[in-house]
Amino acid sequence: MTLHAPEQTLDLELAAERAHLETSRAALRRMRERAEALFATGDKVAGDAYTAEQLGRHMARRVKELADDPTTPLFFGRLDFSGTADSRHSGGTADGRHSGDTDPHDDVVGVYHVGRRHVTDDLGEPLVLDWRAPVSRSFYRASARDPQGVAVRRRFGFSSGLLTSFEDEHLDRGEELGTASRILTAEIERPRVGPMRDIVATIQPEQDELVRADLADSICVQGAPGTGKTAVGLHRAAYLLYLHRERLRRSGVLIVGPNRAFLSYIAAVLPALGEVEVEQATVEDLVALVPVRAVDDPAVATVKHDARMAAVLRRAVDAHIGTPTEPIMVSDGSFRWRIGLDPLHRVVEETRREGLPYATGRERVRARVVGLLQRQAEARRAESPSDAWLRRMGRAKPVTAFLDAVWPALTPDGLLHRLWSDADFLAVVADGLLDAEEQGLLLGRPAAGGRPGTGDADLGDAGASGPQGTAATGRRGGAPAAGTKLGRTPKATKWTAADAVLIDEAAGLIERPAGFGHVVVDEAQDLSPMQCRVIARRSEHGSITLLGDLAQGTAPWAATDWRESLTHLGKPDAVVVPLSVGFRVPAAVVAFANRLLPALAVDVPPAESLRRDGALDVRTVEDLTAATVAEVRAALAHDGSVGVIAADDAVAPLRAALADAGVATATADDVETAARVTVVPATLVKGLEYDHVVVVEPAAIVAAEPRGLHRLYVVLTRAVSRLAVLHRDPLPAPLAD
């Protein structure tokens with residue numbers, strides 16, 4: 001509850017808190033200066049070059065972690081523990097961790113300021129506790145019903161880094177504000193300009209449970225728009241890095257987003273929390289083993305993204321393993337050694353049964369053959385051959401010829417090149433998995449009804465036996481080729497994005513890729529089964545946080561059941577947690593977008609919103625361009641960001657019209673620009689949000705793609721304050737009422 005002490009007492013309290021903020025900032029500055037000094041002198045104190053390099057990297061990282069943003073408060077809350085509490089807490093330590101004494105009668109005392117990172121004074125005493133520290137959990141979880149030893153929880157109000165107010169909840173008296181907190185509400189509804197911010201000051205109890213889940217747990221969050229699922233995933237990554245620092249520093253944390261614009265939007269969150277060593281990538285980044293220079297027909301892409309392709313590729317790899325047909329004769333100058341067919345058969349079969357990655361299996365066969373030669377040499381010479389002799393035998397021509405015959409070297413792109421160019425080979429490995437029409441699509445033959453799959457034949461550029469995908473001849477730049485265009489070699493082939501996913505699958509069969517300790521996947525509803533497998537290979541021995549909303553699935557292969565996606569990700573037992581109550585999108589906007597849900601054919605609970613502010617304006621206009629310019633001008637009279645969202649082909653004309661009207665605009669991936677107005681194609685807006693959204697011609701957005709209603713649902717839920725929908729054509733039927 002708000003303090004009711006005399007005004008003078010309130011002023012003194014506020015002054016004391018401001019003084020603590022200044023003291024904390026000064027302490028953080030000294031911590032950074034000490035780190036900078038160590039970074040500058042590390043090469044002088046290190047015992048050797050390697051140690052100096054490692055120390056330098058550590059201190060450089062430490063300097064980045066201690067960066068201070070004067071516009072962002074160092075702390076946002078305070079916990080007062082006092083009296084005899086029925087909690088296990090029993091005081092604090094310098095690292096912000098309670099000792100965990102289980103005696104319920106122990107007195108729990110202490111005052112802790114909770115902030116974005118740990119700050120200590122020159123003696124090592126804590127001035128600000130990291131929000132991830134165990135004691136800080138009570139800031140998010142304590143309630144009047146379960147105070148957890150907290151007498152008073154204080155929230156601070158800030159403006160441009162200046163502490164302006166505070167608000168107390170006396171939990172020991174049963175006083176709790178919850179969502180009625182003015183400071184909490186103001187922080188949630190604060191206008192957004194530029195990249196996404198952290199939500200450490202506003203994390204709700206149900207979000208905190210997900211954030212603090214164990215590293216070993218894989219979690220799927222089905223989150224309606226505005227429920228903070230993206231923030232939950234990012235903050236879980238920050239929490240796990242705090243709790244398992246060295247382990248995750250070795251194995252790494254990966255954030256996977258739907259596109260570069262989204263990654264740019266979220267890029268500032270983790271650095272603001274002091275975490276600077278997290279890799280961010282799209283699926284396209286992860287599979288960038290070959291350049292993508294062509295685009296598949298949707299029917300072809302759908303087949304390539306199907307889970308059955310994993311079995312096709314597995315068979316294609318296994319098909320290269322042969323059977324020995326003759327003994328090996330190897331000479332080392334003094335002696336000739338012979339390995340008969342029976343032991344060679346055993347070597348190949350034993351290695352095959354071990355299920356190793358293909359390249360590892362090839363080297364295992366080589367090593368076992370050399371081992372057979374070694375045993376013969378030892379028996380003849382009564383001594384072990386030298387390492388040089390063993391290496392020479394491994395490279396001997398009869399041994400390499402045997403390997404090339406029974407376990408030939410493979411490259412991922414070479415394997416796919418053979419599949420797309422050899423119809424007989426594809427027929428063998430796809431038998432019982434893909435029907436004739438699907439195989440024809442992959443080979444570039446016309447689909448049913450005469451529509452081409454990967455393009456018409458262009459045998460003049462072919463060095464292989466199958467039909468080739470076409471590309472406009474003489475093209476320089478411009479649109480990519482239509483479908484995979486096979487060249488004489490894999491390097492000369494123009495691959496598609498779906499090909500790149502399959503090449504990554506083949507690479508995983510040939511050599512096992514390095515994995516991450518934890519992977520956060522956002523907007524996961526649009527991952528195809530084969531894209532899920534891309535991530536599964538990189539999290540085989542780690543855990544994942546899967547974030548998404550089935551109602552926002554826009555890809556042809558969009559998920560309709562999280563269990564299926566989790567199976568492809570290798571985490572079939574992960575718990576699925578729904579988040580349906582939102583804090584960002586106003587209730588009027590949510591209710592309008594929810595009209596689309598019955599038409600989306602997904603089983604998700606309708607989104608709810610706790611916000612009763614905001615505005616919704618749906619208007620029929622004659623001149624869409626003029627109305628858009630006028631709406632943007634009106635929106636600029638308010639604080640916050642403005643997003644203009646339209647069908648992709650309408651973006652350039654709208655930007656030009658706004659420029660002619662003197663309104664500066666940015667693109668979706670230009671989050672650092674000073675322009676408050678961003679014009680975004682509907683296909684790139686997923687995961688982004690703006691204070692005021694102007695949606696231009698919903699009917700055109702729906703008509704642009706097969707899952708257009710799903711896309712429109714995404715578009716309508718990007719507004720966090722005001723939504724204006726401008727249309728000339730009739731609204732889609734679910735919205736027409």
Should the ring pair Tyr358 and Trp407 be called parallel, tilted or perpendicular, given that the plane angle runs from 0 to 90° and is split at 30 and 60?
tilted
Taking all heavy atoms of Gly487 and all of Thr493, pick out the closest pair and write down the distance.
N-OG1, 3.0 Å
Validation row: Asp648, Leu684 side chains within 4.5 angstrom (heavy atoms):
no
When you compare the side chains of Asn259 and Thr282, does any donor N or O come within less than 3.5 Å of an acceptor on the partner?
no
Just wondering, do Glu275 and Val269 contact through their side chains at under 4.5 Å, heavy atoms?
no
Check: His541 ring centroid to Phe516 ring centroid under 6.0 Å:
no
Can you name the nearest heavy-atom pair linking Pro398 to Val330, along with the distance?
CB-CG2, 4.0 Å
Taking 4.0 angstrom as the limit, do Arg352 and Glu349 come out as a salt bridge?
yes
So, His417 versus Arg488: side-chain donor-acceptor pair below 3.5 Å or not?
no
Where do Ile510 and Pro412 come nearest, in terms of heavy atoms and distance?
CD1-N, 3.7 Å
Pair listing, salt bridge (Lys or Arg N to Asp or Glu O under 4.0 Å) test, anchored in residues 357-366, at least two apart
Glu354-Arg364, Arg362-Asp404, Glu363-Arg366
Judged by modelled atom types alone, do Gln374 and Gln376 share a side-chain donor-acceptor pair under 3.5 Å?
no
Please confirm whether the backbone N or O of Glu437 pairs with a side-chain atom of Asp435, one donor and one acceptor, at under 3.5 Å?
yes
Counting only N and O atoms by type, is there a donor-acceptor contact under 3.5 Å from the side chain of His518 to the main-chain atoms of Gly542?
no
As a test of understanding, state which of Leu547, Leu546, Val256 forms a side chain to side chain contact (heavy atoms under 4.5 Å, CB included) with Asp522.
Leu547
Cationic N near anionic O, under 4.0 Å, Asp285 to Arg260
yes
Using distance alone, with no hydrogens and no angle criterion, decide if Thr683 and Arg711 have a side-chain donor and acceptor under 3.5 Å apart.
no
With rounding to the nearest 0.5 angstrom, report the CD to CG distance, Glu511 to Leu356.
12.5 Å
Please answer whether the main-chain N or O of Ile544 pairs with a side-chain N or O of Ser218 as donor and acceptor at a distance below 3.5 Å.
yes
Can you tell me if Trp562 uses its side chain to pair, donor with acceptor, with the backbone of Leu550 under 3.5 Å?
no
Check this for me: does any side-chain nitrogen of one of Asp332 and Arg392 sit under 4.0 Å from a carboxylate oxygen of the other?
no
Determine whether the side chains of Trp557 and Asp306 contain a donor N or O and an acceptor N or O closer than 3.5 Å.
no
Test: salt bridge (Lys or Arg N to Asp or Glu O under 4.0 Å). Region: residues 534-562. Which pairs qualify, not counting sequence neighbours?
Asp504-Arg537, Asp504-Arg538, Glu505-Arg537, Arg512-Glu540
Kindly determine whether Arg308 and Glu438 satisfy salt bridge (charged side-chain N to carboxylate O under 4.0 Å, His left out), including the steps that lead there.
CA-CA 11 Å; Arg308 293 172 295 166; Glu438 290 170 323; 2.7 Å; yes
